[in-house]
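Inspection log for the structure reproduced underneath, given as structure tokens.
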Amino acid sequence: MSFVTRRAAKPLYLLPMLAMIFVYAAASAADNPAPATSAPAAQGPASIVDDFHQLIDSHQLTELRTTYNSSYGASLLFQPDKLNYYVALFHGKDFWRVIRTGSYDEAQNVYHTFVSQTEELAKVDIDTLRLQATKQYTDHVVQMNQQHLQNLERDAEYQRQQAQQVAAQQQQAEQQSSSLTADLRASNNELDAVQERIRALEEQESNPTLTLPKQEAPAPAPATSVGPTPAAQTASTR
């Protein structure tokens with residue numbers, strides 16, 4: 001049995017119940033009518049910025065002039081099909097102000113006004129950029145000077161150590177020189193004495209005269225202690 005056949009074979013006793021349900025639903029709909037759907041609100045004209053974006057996306061504008069000052073800029077664009085001019089003031093990638101006019105002279109004046117505004121607005125960015133660059137350069141110079149100072153201090157310390165070593169070597173050399181001078185003086189004295197002795201011996205050897213060593217006179221014999229002689233006794237008696 002098909003789906004249609006099964007729906008046709010429903011029992012007849014269900015028909016009164018279905019009729020009652022339909023009647024009740026119709027009565028409820030009459031008492032509570034469905035709210036009428038409001039028509040969509042009419043949308044106003046697009047803003048100049050939105051219109052400007054749409055024209056750019058659809059490539060309907062021709063860029064005539066653009067001036068950049070740091071992250072700020074001003075552009076003058078032309079819409080050939082409607083002879084309209086758009087002057088835009090932008091910051092980064094965002095359009096800040098857009099003015100539309102049909103007069104080229106007015107567009108020129110607005111463009112120059114926007115250019116002047118970008119110059120004023122860009123002063124802070126330019127000053128910040130210059131100060132940041134100056135600070136980075138100064139930090140780099142300070143780092144280089146600190147490294148140069150460390151090298152000079154290291155060289156000065158090395159020179160000081162070398163000077164101390166040289167001074168110690170000079171003092172040791174002076175002490176050694178003084179000691180050598182004293183030793184040389186003693187050696188010279190000893191050499192003079194030896195040479196004098198050699199000359200004396202050479203003169204003695206070359207002298208043909210025989211020289212005998214001198215004999216020392218014998219010491220007198222001590223007097224013996226004896227009695228007086230008779231003559232001495234006679235003299236003493238007289």
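Source: prediction; values computed, not measured.
- The two residues Phe52 and Ala88 make their nearest non-hydrogen contact at CZ-CB, 3.9 Å.
- Counted within 6.0 Å of CD on Gln143, heavy atoms from surrounding residues, nucleotides or ligands total 12 or fewer; the atom is thus considered open.
- Under a hydrophobic clustering in which Ile, Leu, Val, Met, Phe, Trp and Tyr are joined whenever their side-chain heavy atoms come within less than 4.5 Å, directly or via other members, Leu83 and Val110 fall into the same cluster.
- Rounding to the nearest 0.5 Å gives a distance of 10.5 Å between OG1 of Thr181 and CD of Gln176.
- At least one side-chain heavy atom of Leu64 sits less than 4.5 Å from a side-chain heavy atom of Tyr85.
- Residues satisfying the salt bridge (Lys or Arg N to Asp or Glu O under 4.0 Å) criterion with Arg130, sequence neighbours excluded, are Asp127.
- Residue-environment remark: CD (Gln172) stays at or below the threshold of 12 foreign heavy atoms within 6.0 Å.
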Q) Could you walk me through whether Leu121 and Trp96 pass the side-chain contact (heavy atoms from CB on, under 4.5 Å) check? A) CA-CA 13 Å; Leu121 293 170; Trp96 188 356; 3.3 Å; yes
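- Under the salt bridge (Lys or Arg N to Asp or Glu O under 4.0 Å) criterion, Glu174 pairs with no residue at all, not counting sequence neighbours.
- Panel note: side chain Ser177, backbone Ala173; no donor-acceptor pair is recorded below 3.5 Å.
- Sorted by first and then second residue, the pairs that involve residues 61-74 and meet side-chain hydrogen bond (donor to acceptor under 3.5 Å, both in side chains), not counting sequence neighbours, are Glu63-Thr66, Arg65-Gln108, Thr66-Ser75, Thr67-Tyr111, Asn69-Thr118, Ser71-His91, Ser71-Asp125.
- Distance check: Gln159 CD to Gln161 CD gives 11.0 Å after rounding to the nearest 0.5 Å.
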Hey, can you pull the donor-acceptor pairs under 3.5 Å for the side chains in residues 188-195, sequence neighbours left out?
unit_1, atom_1, unit_2, atom_2, d
Asn188, ND2, Leu184, O, 3.2
Asn189, ND2, Arg185, O, 3.2

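- Taking CD from Gln54 and CG from Leu61, the interatomic distance works out to 11.0 Å, rounded to the nearest 0.5 Å.
- Judged as a salt bridge (Lys or Arg N to Asp or Glu O under 4.0 Å), and not counting sequence neighbours, Lys93 has no contacts.
- With rounding to the nearest 0.5 angstrom, the CD atom of Glu106 is 10.5 Å from the OG1 atom of Thr113.
- Glu202 meets the salt bridge (Lys or Arg N to Asp or Glu O under 4.0 Å) test with no other residue; sequence neighbours excluded.
- Checking each of Phe90, Phe95, Tyr86 against His53 for a ring-ring contact (aromatic ring centres under 6.0 Å, His included) leaves exactly one that passes, namely Phe95.
- One finds the CD atom of Gln147 at 9.5 Å from the CE atom of Met144 (value rounded to the nearest 0.5 Å).
- Here the closest non-hydrogen pair linking Phe78 and Asn84 is CD1-O, 3.4 Å.
- Considering only heavy atoms from C-beta on, Arg100 comes within 4.5 Å of Asp51 through its side chain.
- One distance of note links CZ of Phe114 with CG of Leu76; it measures 11.0 Å at 0.5 Å rounding.
- Looking at Glu157 and Arg160, a side-chain N of the basic residue comes within less than 4.0 Å of a carboxylate O on the acidic one, giving a salt bridge.
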